[in-house]
Amino acid sequence: MISLRRRHHLLLLRLAFGCGGERRRFAFPESTAAAMDGGGMGDVYGEDRATEDQLITPWAVSVASGYTLLRDPRHNKGTAFTEKERDVHYLRGLLPPAILSQELQEKRLMHTLRQYQVPLQRYMALMDLQERNEKLFYKLLIDHVEELLPVVYTPTVGEACQKYGSIFRRPQGLFISLNDKGKILEILKNWPERNIQVIVVTDGERILGLGDLGCQGMGIPVGKLSLYTALGGVRPSACLPITIDVGTNNEELLKDEFYIGLRQKRTTGQEYAELIDEFMNAVKQNYGEKVLVQFEDFGNHNAFELLAKYRQTHLAFNDDIQGTASVVLAGLISGLRAVGGSLAEQKFLFLGAGEAGTGIAELIALEMSKQTKAPVEETRKKIWLVDSKGLIVSSRLESLQHFKKPWAHEHEPVKTLLDAVKAIKPTVLIGSSGMGKTFTQEVVETMASLNEVLSLSLSHTRAHTEANMTFFDVSLCIQKPIIFALSNPTSQSECTAEEAYTWSQGRAIFASGSPFDPVNYDGKTYVPGQANNAYIFPGFGLGLIMSGAIRVDDDMLLAASEALAAQATPENFKKGMIFPPFSNIRKISAHIAANVAAKAYELGLASRLPRPNNLVKYAESCMYSPAYRNYR
Ligand SMILES: O=C([O-])CC(=O)C(=O)O
Ligand SMILES: [Mg+2]
């Protein structure tokens, strides 16, 4: 990590923690350190895991001093260095005299951020902070998650990717391009950190609902990984963002003089497959079996193929297929808890049959099958999908891409979404097509009028007979249309929260992929949920890491959905919220992580033994704290 030329600048700094106790110095060679079970998530020196009220002693770490220390984002505290630290570490004169607490620095930065009217300016200011003072960046993000999520994540990160070429300052993450064929392992070795636990990788072909942004998709892995740390507590040094540049078919970018990627059309077929294969092998060779590889924003075709292939050999997870599915299922479970009825009693219609659409559909079918014991081939029949050519029906089977085929049910052809809504009469409408404004007033009004009856249903599946009399389960529910507009960023949302509530006269249970402000309708305030995979992947990844999982199983996705749904309270429901607020996300993530880890142990896929007794507590104890350390 530190070049030989700079060695003479280095001092061994001891980081001491506020609780006193014995302090000794330990310096383990890297190999010994990696082999030790340091608890938590391999944070052997307690470097990132420590909190002020935890006695982490003794330990030591090599850090540059003086001017170089101020430019090391992992250790820099800026004006928060104490008098003593300034003396001991050659910082005198390099800082203005005032000494600020981390809280005061945080207050000042939030004040500055709020002065910027343009979201992209806030994004750039936050990225600068991340490059300057990592702990302060994460403190801001953790303490102001609801305010800052839309800046470092959807929608602003989408705009940042579109303009990445012009706002580019310092590279973040690793760029691997077609030109690097045969050298990917070497490139991984250029990254300064060895102990990587999560990689988020994109090839930039389908960035949110914005399409092919080529190499500029890097904003997405960077943003997702900052959420891994802030929301899931995975330490920043264990996170690695990667963009694989195989060209772009975005003509505008190819013509843009500031474009930062390869200036060529996307490669496909064997050349593409070989590059990805070299990458996946190099990852395993360099970081071992337990590194999590999260695929993000690949084009549909590649996304399904890569997941099917690499989930067999790697700890691989596709956030758009699996993470989105898990969060939506959680929203449905808690939404149905709020309005009554079971999953199997619903009829689903999707606009969009890509990664998110078919991924969600499959997970719902799986959960219905578990609940009712009906085979998944049967439960799939309750789910209908519309793509750009209309309703997916059996007469289209021949020409359908393989991931759409399970959804081709018997029905006459239907061309438009509105006609599909009228024909299928769904209780749940889910948009995942990446196309904005497609849930028109007529579509939402039709959903509302189809779902206004008081429904009474007798369940034969749960009937039982006693004393010659048959008892049926009776469920009574006031139907409310469930409408999820999942496409990101906000510009691609199928409808706005205001439209959903207004056009359904306040009856819709609504959630969206990108955030919307609360809506006032007819004297009542409705708080829309954000059905975004950000609820799931940080806790899901933490659960995999802390159990040392070696593969991802679909049952872990169900476990994550159940944990998230269980965190929504009746108070949330009263406001129309089917998800718990993001302000509780660390607690939510700990519960998700615990459920996922429990499933990994149950399935025999966990390698970190023995299993901790209290997995929620263990997850919490593994989480990164952004509090400053004291240097002695
Ligand atoms: O990034 C997000 O906000 C959700 C997501 O994965 C996508 O839209 O591709
Ligand atoms: Mg995505």
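Whatever order the structure lists them in is the order used to number ligands and atoms, beginning at 1.
Among the heteroatoms counted here (N, O or S) of E296, OE2 is the one nearest to the Mg ion (ligand 2). The name of the N, O or S atom in D320 nearest to the Mg ion (ligand 2) is OD1. With respect to the Mg ion (ligand 2), D297 has OD1 as its nearest N, O or S atom.
For CE of M435, the number of neighbouring non-hydrogen atoms (other residues, nucleotides, ligands) closer than 6.0 Å is 12 at most. Remark: K405 NZ is packed, more than 12 non-hydrogen atoms of other residues, nucleotides or ligands lying under 6.0 Å away.
Under the 30°/60° scheme for interplanar angles, the aromatic rings of H402 and F304 are found to stand perpendicular.
Annotation for ligand 1: atoms under 4.0 Å from non-hydrogen atoms of N533 are 4 (C), 5 (C), 6 (O). Each of the following atoms of ligand 1 lies closer than 4.0 Å to a heavy atom of T154: 3 (O). Close approach of ligand 1 to K224 is summarised as follows: ligand atoms under 4.0 Å from at least one heavy atom of the residue are 1 (O), 2 (C), 4 (C), 5 (C), 6 (O). In summary, the atoms of ligand 1 found under 4.0 Å from a heavy atom of E296, numbered by their order in the structure, are 6 (O). The contact set between ligand 1 and D320, taken as ligand atoms under 4.0 Å from a residue heavy atom, comprises 5 (C), 6 (O), 7 (C), 9 (O). For ligand 1, the atoms sitting less than 4.0 Å from at least one non-hydrogen atom of Y153 are 1 (O), 2 (C), 3 (O), 4 (C), numbered in the order shown with element in parentheses.
At a 4.0 Å heavy-atom cut-off, ligand 1 touches N532 through the side chain alone.
Every N/O-N/O distance between T324 and ligand 1 stays at or above 3.5 Å. When only interatomic distances are considered, the shortest N/O to N/O separation between D297 and ligand 1 falls below 3.5 Å.
In summary, the aromatic rings of F510 and Y526 are positioned with their centroids too far apart to meet the 6.0 Å limit.
Taking the side chain as every heavy atom from C-beta outward, F439 and W503 never approach each other to under 4.5 Å. Using a 4.5 Å cut-off on side-chain heavy atoms (C-beta onward), R206 and D320 make contact. Annotation: side chain of L315 is not in contact with side chain of V291 (no heavy-atom distance under 4.5 Å).
Considering L391, T427, V428 in turn, L391 is the only one that fulfils the side chain to side chain contact (heavy atoms under 4.5 Å, CB included) rule with L349.
The closest protein non-hydrogen atom to atom 8 (O) of ligand 1 is N488 ND2, 2.8 Å.
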ring-ring contact (aromatic ring centres under 6.0 Å, His included) assessment of Y535 paired with F582: CA-CA 8 Å; Y535 269 114; F582 263 115; 4.0 Å; yes
